[in-house]
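Everything below concerns the one structure shown next.
Because only heavy atoms are used, hydrogens play no part in the values below, and waters and symmetry mates are left out as well, while side chains stay in. Index from 1, following the sequence.
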Amino acid sequence: MVKYYKHNKIIKLLVILGALAGFVYCLFQISRTTQINSWSEIFGFGRFIRNLLGTLIAAVILWTALKPDDPLPYHWLLLLPFSILLTIFSWIGAGILTIIGSVVALIDAI
C-alpha cells in the first residue's frame, strides 16, 4: 500500500531531483577515472568504488521514488538513511535535496 503524504509532490520532486543529480555526478566522476599505471594512482580506484556505490544508491532512491512500494516502500524511514548514504558517497548537494525531501515526509508523518 502506497503511503501518500500531504506534500507528496514536493517530496517526490526533491527526492527525484536529488537522486538524478547524484546519479549524474557519480557517472561524470566515473568517466573521469583513468587507468591505474603506478602506485601513486592506486587511490583513484577507491574514488571509482565510492562513485560506483553512489551511483547504485542514487538508482535505488530513484527507483523507490518512481515506483513506490514495488521494490522498496516509499517511506521517510527508508529515504532518510539512503539520503545520508548518498551524501557520503556522492555529491553533497544531491544528498541535501533528498534529506530535505525525507524530512518533509517525516514532518508530514507526524
Side-chain angles (χ1 to χ4, degrees):
M1 177 175 233
V2 178
K3 172 95 172 149
Y4 288 105
Y5 295 103
K6 184 178 177 184
H7 299 96
N8 199 30
K9 290 181 182 179
I10 295 171
I11 296 167
K12 271 199 174 189
L13 179 72
L14 288 171
V15 169
I16 289 172
L17 284 177
L20 284 176
F23 194 74
V24 168
Y25 177 80
C26 285
L27 287 180
F28 178 70
Q29 291 296 325
I30 288 173
S31 72
R32 291 182 50 210
T33 304
T34 58
Q35 292 180 342
I36 300 171
N37 295 327
S38 66
W39 283 103
S40 64
E41 295 175 358
I42 197 73
F43 296 108
F45 186 69
R47 185 179 68 195
F48 173 75
I49 296 297
R50 186 183 73 224
N51 287 318
L52 189 64
L53 283 173
T55 303
L56 292 174
I57 292 168
V60 167
I61 292 173
L62 191 62
W63 194 13
T64 302
L66 291 177
K67 295 184 84 174
D69 285 343
D70 189 16
L72 294 170
Y74 182 67
H75 197 267
W76 70 268
L77 195 55
L78 187 70
L79 288 176
L80 190 61
F82 278 139
S83 301
I84 293 170
L85 287 174
L86 187 67
T87 305
I88 293 170
F89 290 114
S90 181
W91 183 44
I92 194 166
I96 288 174
L97 279 174
T98 54
I99 286 174
I100 290 171
S102 61
V103 168
V104 169
L106 168 65
I107 291 171
D108 278 354
I110 294 176

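One finds the CD1 atom of I11 at 5.0 Å from the CG atom of D108 (value rounded to the nearest 0.5 Å). Distance OG1/T98 to CZ/F82: 11.5 Å, rounded to 0.5 Å. Expressed to the nearest 0.5 Å, how far CD1 of I57 lies from CG of L85 amounts to 4.5 Å. One finds the CG atom of L97 at 6.5 Å from the CG atom of L17 (value rounded to the nearest 0.5 Å). Here the CG atom belonging to L72 is positioned 5.5 Å from the CG atom belonging to L78, to the nearest 0.5 angstrom. Once rounded to the nearest 0.5 Å, the distance linking CH2 of W91 with CD1 of I96 reads 9.0 Å.
Counting heavy atoms of neighbouring residues, nucleotides and ligands inside a 6.0 Å radius, atom CD1 of I88 exceeds 12 of them.
Nearest heavy atoms, S102 versus L80: OG-CD1, 3.3 Å. Shortest non-hydrogen contact noted between C26 and S90 is SG-OG, 3.4 Å. Of all non-hydrogen atoms in A58 and G22, the two that sit nearest each other are CB-C, 4.2 Å. In plain terms, the two heavy atoms of I16 and A65 that are nearest each other are CG1-CB, 3.8 Å. Contact record, I61 with A19: CG2-CB, 3.8 Å, taken as the closest heavy-atom pair. When all heavy atoms of P73 and T64 are compared, the closest pair comes out as O-CG2, 3.6 Å.
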Open item on the list: Apply side-chain contact (heavy atoms from CB on, under 4.5 Å) to residues Y74 and K12 and explain how you reach the verdict.
Closed with: CA-CA 10 Å; Y74 182 67; K12 271 199 174 189; 3.2 Å; yes
TODO: Give the intermediate values and the outcome of side-chain contact (heavy atoms from CB on, under 4.5 Å) for residues N51 and F89.
DONE: CA-CA 6 Å; N51 287 318; F89 290 114; over 6 Å; no
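There is no path of hydrophobic side-chain contacts, each under 4.5 Å, that joins V60 to L62. Criterion: ILVMFWY side-chain heavy atoms under 4.5 Å apart, direct or through other members. Under it, L20 and L27 are not part of a common hydrophobic cluster. Residue L77 is grouped with residue I107 when hydrophobic side chains (ILVMFWY) are merged at heavy-atom distances under 4.5 angstrom, including chains of intermediate members. Residues L53 and F23 fall into different hydrophobic clusters, defined by Ile, Leu, Val, Met, Phe, Trp and Tyr side chains chained together at heavy-atom separations under 4.5 Å. Under the 4.5 Å side-chain contact rule for hydrophobic residues, I92 and V24 do not share a cluster.
Within the 3.5 Å criterion, the main-chain N or O of W76 finds a donor-acceptor partner in the side chain of Y5.
With sequence neighbours left out, the side chain to side chain donor-acceptor pair (under 3.5 Å) criterion links K6 to no other residue.
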